[in-house]
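Here's the structure, in structure tokens; my notes come after.
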Amino acid sequence: MNLLQKQGFYNSIILYAGTVLGFLNLVILFQRILTKEEIGFYTLVITVSGLYAQIASLGINGVILKYFPVFRTEDKTHKGFISLVVLWSTLSFLAFTLLFVLFKGFVMNQYEDKAGGGLMVQHYYYLIPISFLTLLFTILESLARTVFKNVFSAFLKEFLLRFITSITVLMMGATWFGYDGFLHAYLVANALIACLLWYHIAKGKHFKLAPITPEVKSHRKELLNYGLFSVISGGSFGLVQGMAVLMLSVIADRSLELVGIYGTFFGIAVVISLPAKALGRTSYQIVSEAWAQNDLKKIDRIYKKTSLVQFIIGCLLLIGLIINYDHILFLMNRPEYSQYFWVFVIVGLTFLVDITGGLNGQIINFSRYYRYTTYMITAAVFVCAFLNWLLIPHFGLVGAALSYLLIMVILNFLYWLFILVKFKLQPFDAKYLAVLLISALSLAVGFYMPVIDNILLDIALRSVAATLVFTGSILGFHISEDINELYRNALTKAGLK
């Protein structure tokens, strides 16, 4: 098992374990302990703090992943590059925070008359420390990726943070504290995972603070340009993902209540993106190294493998969510959510479209054409905002979900076309059509099975039947050599081969 497969395997275990906790939080605990407005504000906090951290970083995460291989040295000082990272991120965060404080009045005007908007008015300054901790963790995570140590950061972010959230929401349910206490506990949990990741990296002694060398300084214009394009690109992508949440909170009559419903479905459907997260934690850095060596064949190989594997697993996960939708609603104890079935399906399809693109955005970002992703994603923000403005007043949550789907289809098509034209690379072939046909058959098997009164037994049998049809067909027709290899290795380790 190579590095990509090994770390992808461990990351997958962590991510799916975290998903179980996330499912428990979103579907079981939040729906019974928090109000829809409180769920909506929690969703808004995650969205805004993520955007805040991306913009306030001034693109430092992209700079780390692209340029660390250039400045890497055996003595671990890396020519003072780490000192540059600390200085850069500190100054950029302080500058953006000043703007955040100055524009408080304008932001408050958007929420003061909205249902649930009082939560934003009350907790506005809470967004500063939570965003700082988000930024700190992402920088540490990027540094860990550069030395191919990304499993522990996945454990902290995807599992431990959600586990602590489960405990604190249960404590809130037991009336140990109120919603303010829940938010404070979430802040402490983010501080804890950042400290643990810092200790993990420091223990490995991969990095040393040192004066910034003239060689690094000589690249300052190039680094700044790349950082600016990265922050525009990364911030714009974050805006595209969070646009529905932001615009629902501002223009919808029920404001944070609708954000809570959308955030719940978004949080469940995000499971479809987990294969991309698991593989991406390692493959992003491999692509960066490959560009540093101008190894286009390696990039082509990774592009094709990740796209196909992500599409296959994403289809299976989407099938599982759709065939068990009624049971998910039952577990939520929110029968009123049944009217939003198509929101759930559309958001799920959006994640599937995005992960099927594989590493398309990263391939462009790490190349000399990185500016073009910025142009495309920036244009996408304006189109996405227009679509939300046009569709939300008429179609509500469905309009928000449709806007997200349309913009991700357009964006991934443009990425695919650009890579095809510039590098003569593209991952798609007849295997994707075969996966679609297998998916349709598996969906029909799971969807039309007779209903069993025992909900847990019905979920198990329905899911197992669809999974057996799907995986049996994928393995039998040798759709993906990587998946077949993992299957053979599993049989060998189990002593069955």
Side-chain angles (χ1 to χ4, degrees), residues 41-67 84-111 120 123-143 145 157 187 190 194 220 222-250 259 263 284 361-362 364-365 370-385 388 404 407-408 411:
F41 182 70
Y42 174 77
T43 302
L44 196 60
V45 164
I46 295 174
T47 301
V48 173
S49 62
L51 286 169
Y52 192 132
Q54 280 186 322
I55 297 171
S57 72
L58 208 61
I60 191 61
N61 293 306
V63 171
I64 291 170
L65 293 174
K66 181 174 175 63
Y67 287 98
L84 174 68
V85 169
V86 174
L87 181 63
W88 181 317
S89 53
T90 300
L91 293 178
S92 60
F93 183 83
L94 289 174
F96 185 79
T97 299
L98 178 61
L99 293 175
F100 186 79
V101 172
L102 292 175
F103 279 90
K104 178 187 176 184
F106 172 78
V107 176
M108 291 300 95
N109 289 337
Q110 311 305 312
Y111 288 96
M120 174 61 86
H123 298 290
Y124 183 78
Y125 287 116
Y126 173 85
L127 293 169
I128 296 176
I130 197 69
S131 300
F132 170 76
L133 293 171
T134 301
L135 172 61
L136 176 60
F137 188 90
T138 57
I139 290 173
L140 292 171
E141 187 177 34
S142 295
L143 290 172
R145 285 186 184 185
K157 184 177 181 180
L187 183 67
N190 276 273
R220 59 182 178 273
E222 181 183 354
L223 294 173
L224 183 60
N225 283 339
Y226 187 80
L228 289 173
F229 275 94
S230 293
V231 72
I232 295 171
S233 179
S236 297
F237 186 79
L239 274 172
V240 167
Q241 280 201 315
M243 186 68 71
V245 168
L246 294 175
M247 294 196 70
L248 280 169
S249 71
V250 172
V259 171
Y284 289 177
Q362 286 68 38
I364 303 173
N365 275 335
Y370 63 85
R371 292 180 177 84
Y372 288 90
T373 57
T374 303
Y375 301 147
M376 288 185 276
I377 193 69
T378 303
V381 169
F382 292 100
V383 176
C384 188
N388 275 279
Y404 185 35
I407 205 65
M408 293 310 293
L411 195 58

Closest approach of [X] and [Y], non-hydrogen atoms and distance?
X	Y	answer
F93	I128	CZ-O, 3.8 Å
C384	V240	SG-O, 4.0 Å
W88	L223	CH2-O, 3.3 Å
T43	V245	CG2-CG2, 4.1 Å
L187	Y126	N-OH, 3.8 Å
S89	L135	O-CD2, 4.4 Å

About how many Å separate [atom2] of [Y] and [atom1] of [X], when rounded to the nearest 0.5 Å?
X	Y	atom1	atom2	answer
L136	F132	CG	CZ	5.0 Å
L51	M243	CG	CE	9.0 Å
N61	T138	CG	OG1	4.0 Å
N225	E222	CG	CD	8.5 Å
N388	I407	CG	CD1	9.5 Å
N190	T134	CG	OG1	5.5 Å

Could you walk me through whether V48 and L246 satisfy the side chain to side chain contact (heavy atoms under 4.5 Å, CB included) test, starting with their C-alpha distance in whole Å, then the side-chain angles of each, then the deciding distance to 0.1 Å, before giving a yes or no?
CA-CA 8 Å; V48 173; L246 294 175; 4.1 Å; yes
Would you check if [X] and [Y] make a side-chain contact, meaning some heavy-atom pair closer than 4.5 Å?
X	Y	result
I139	V86	no
L228	L224	yes
T47	V259	no
Y52	T97	yes

Check whether more than 12 heavy atoms from other residues, nucleotides or ligands sit under 6.0 Å from atom OH of Y124, and answer yes or no.
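Yes.
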Measure from the ring center of Y125 to the ring center of F100 and say whether it is less than 6.0 Å.
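Y125 vs F100: aromatic centres not under 6.0 Å.
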Side chain T378, main chain Y375, donor-acceptor under 3.5 Å
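Pair absent, no side-chain N/O of T378 close to backbone of Y375.
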Just by distance, do the side chain of S92 and the backbone of A56 share a donor-acceptor pair under 3.5 Å?
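Yes; judged by distance alone, with no hydrogens or angles, the pair exists.
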Begin from the C-alpha positions of L94 and L98 and carry the test side chain to side chain contact (heavy atoms under 4.5 Å, CB included) through to its verdict.
CA-CA 6 Å; L94 289 174; L98 178 61; over 6 Å; no
